[in-house]
Amino acid sequence: MDVSHIFDELNDAQRAAVAAPPGPILVLAGAGSGKTRVLTCRVAWLVEAMEISPLSILAVTFTNKAAREMRGRIEKMLGFPVGGMWMGTFHGLAHRLLRQHWQEAGLSQDFQILDSDDQLRLIKRSMKELALDEEYWPPREVQWFINAHKEEGRRPDQVPQGPDPQQRTLLGIYEKYEGLCRRFGLVDFAELLLRAFELIKDNQILRERYQKRFQHVLVDEFQDTNSIQYNWLKLLVGQSRNLFAVGDDDQSIYGWRGARVENILQFERDFPGTQTFRLEQNYRSTGNILSAANGVISRNDGRLGKKLWTDGAEGELVKLYTAYNETDEARFVIDRIAAWADNGGLRSEVAVLYRSNAQSRVFEEILLDVGMPYRVYGGLRFFERAEIKDALAYLRLCSSRQNDPAFERVVNTPTRGIGNKTLEQIRAYAGGKDLPMWDAMEIMLRGNDLSGRARGSLTVFHSLIEEMTGQFRGQDLTARIEIMLELSKLIEHHQKEKGEKGQARVENLQELISAARNFEHEEDDGLKPMDAFLSHASLEAGEGQAEEWEDCVQLMSLHSAKGLEFPLVFLTGLEEGLFPHQRSIKEPGRLEEERRLCYVGMTRAMQQLYLTHAEVRRLYGRENYTRPSRFLAEVPGEFLSEIRVTRAAKEYSYNPPAVSPGMADEGDGDVSVGGQVSHPKFGDGVVVHIEGRGDYARVQVNFEAAGSKWLVLAYANLTTL
DNA sequence: GGGTTAACCTTTTTT
DNA sequence: AGGTTAACCC
């Protein structure tokens, strides 16, 4: 078969990787070096040139979105659908495996997936049953402890026991939590991976079966795999050793959640004879952007050593803007985007990147103000919204009565007079008898321990769920959701709420119906459509916003920007404590990860890159003086050009009008927001707010030494600088 | 049992 | 600041 079309748009290094003879292959692919293209072409090459059946291929990606895109590209390249090819995220694939082999995996057939929110609740409950104080044992840290061990493949009895009594308590919670998961038929995210791993490890028949089936395994974003994921891959690959891993150690930014860059180094040790390819030619960014990014990343130690180059144009210098505060920063950025659009650019070609999602707010406010369309990525996703989770919990409970988290979620939502006291009774009974709360409730309804009122309310709830389940019979997924919304009165409940929030919730619930209508599950995993939908809702949290068709500016965190590219990029908030983040500054390892994050951000830019920082930033309601990020100093000066905006221009366009002339006691200028002033006692500072006019005007000044003060202008004796 | 106020706590993210 | 959760009162 003629496979030349696969190679048409590849360079020599890419071509070598794509057509490498099967075996262990490691592709170190720098930012913008055509990583996805190599992966896609490799699959096409396997199918066309090697005549490998798509059924024998397993491909793992980092997100569901990436999986969908890659499948689309491969099908376009091949010209036929490859439905039989296993392709997805580690969690998605593990889930599929566990559904097909629930018995061998020791799970109940109707097991449901526990998201991190529900996981936290269940951990709290475990702690309650162990009578542990949440003050002393913060549930979030316990959650972290449990997940970290699971991600390293350790069950409670496999955690190395030290003499540390704290550790012993944590292990006790881990054990208790596992027991509850088992009792309720629940599997958390880390458990999906761990179970799937153990299934393949311990079950020789299945292991050999899948090793035989998956002749070729491909992994994207290999630098972001954790220990259990890598071990699972190694098991699946078996003796064939046909593992094709693509990654970039410089773009490892998920160490904080268990990802191990070391897997890249380990790869060559685990698979002697690995063919390693380096993709260092960058097709994305201009020379200056690339040099600037290289300058920053070169400060990291222990890199595999890779130097990106381009034969494209030098392009413009990277631009640096020092804003007065975060509002000024946003104004500046949006001004430039407007200019870009005025010159014929698309707004969707522009990305505003930040370290943490909270930073999007200021940008949003001003974008709204000037009426520029935008889209924010990240934040609360569709299936994570409270009202959606409530609705799904009804479905879950109908599908599996033993699901306690679902029970707790809906038993009194909307309120029907079942309070904490009654619930405590049920919990205590359930805990004692090792029963799900549903069963406990049924027994208690037959007994005499409940108050009349509680009994009445619980009976209502009980028949509601039974009625719902009954009406579900013979109905399709969409109809079931309509029945559930009708009987539960969830929509009515939110309609009664005041404000726009209630309206938004109602709309979201209605949106759930269309989500169900659009949901197609084609997998032959033997799942009923509703259970498939519930799993889908857990595994794929859904986009935060509906697809936007308008030409929008893209706002997102640096983490979500990975894998994307934009002609114009603004990397904002480059300040010590914000980026690098406060909590990463002390540890060298974490700091290096922040630097990689910076590198990822910079290398998203194709034509122009702006770096911005603010001198004053409001954080947690406090005004803070900032210091420029160390990463700014790490950009080699020759690739940087500083943008200076005159103070007059800044005030004209961005700041509220200055206090009327003559109000400042001394000095040659007016006191205005953003202006530098000096006070005889407090020293130098910057005016942050002005309230009122004339004699009664009050100003807030951030003094470099004395902090923030409110002063009455007439008495303050300020000198403008 | 339900609604209202006071303390609290802030990464990054997918699954 | 803002949002959530926990204590508190009706």
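We name chains A, B, ... by the order of the sequence lines, and we start the count at 1 in each one.
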Whole-Å gap separating C1' (B:dT15) and CH2 (A:Trp232): 13 Å

Atom pair distance, as rounded to whole Å: CD in A:Gln425 and C1' in B:dG1: 14 Å

A:Leu192 CG to B:dT15 P, straight-line distance once rounded to whole Å: 12 Å

Proximity of A:Phe62 and A:Tyr254 rings by center, below 6.0 Å: yes

Residues in side chain to side chain donor-acceptor pair (under 3.5 Å) contact with A:Arg260, at least two apart in sequence or another chain: A:Glu152

Pair A:Phe197 and A:Phe90, ring centroids less than 6.0 Å apart: no

SB check A:Arg331 A:Asp369 (cutoff 4.0 Å): yes

is_close_aromatic(A:Tyr230, A:Phe222), centroid dist under 6.0 Å: yes

Sugar-phosphate, base or nothing in reach of A:Asn412, heavy atoms under 4.0 Å: sugar-phosphate

Heavy-atom protein contacts under 4.0 Å, nucleotides 9-14 of chain B, coded B base, S sugar-phosphate only, - none: -BBBBB

Let me check something: any side-chain donor-acceptor pairs from residues 578-586 of chain A under 3.5 Å, sequence neighbours excluded? List them with distances.
residue	atom	partner	partner atom	Å
A:His581	ND1	A:Arg583	N	3.1
A:Ser584	OG	A:Glu594	OE2	3.0

Pairing residues for A:Gln359 by the side chain to side chain donor-acceptor pair (under 3.5 Å) criterion, not counting sequence neighbours: A:Ser356

Contact under 4.0 Å: A:Asn147 side-chain N or O vs B:dT15 OP1/OP2: no

Contact state string [nucleotides 2-10 of chain C, B base, S sugar-phosphate only, - no protein heavy atom under 4.0 Å]: S---S----

For A:Ser399, all residues meeting side chain to side chain donor-acceptor pair (under 3.5 Å), sequence neighbours excluded: A:Asp531

Distance, rounded to the nearest Å, where A:Arg622 contributes CZ and C:dA1 contributes P: 9 Å

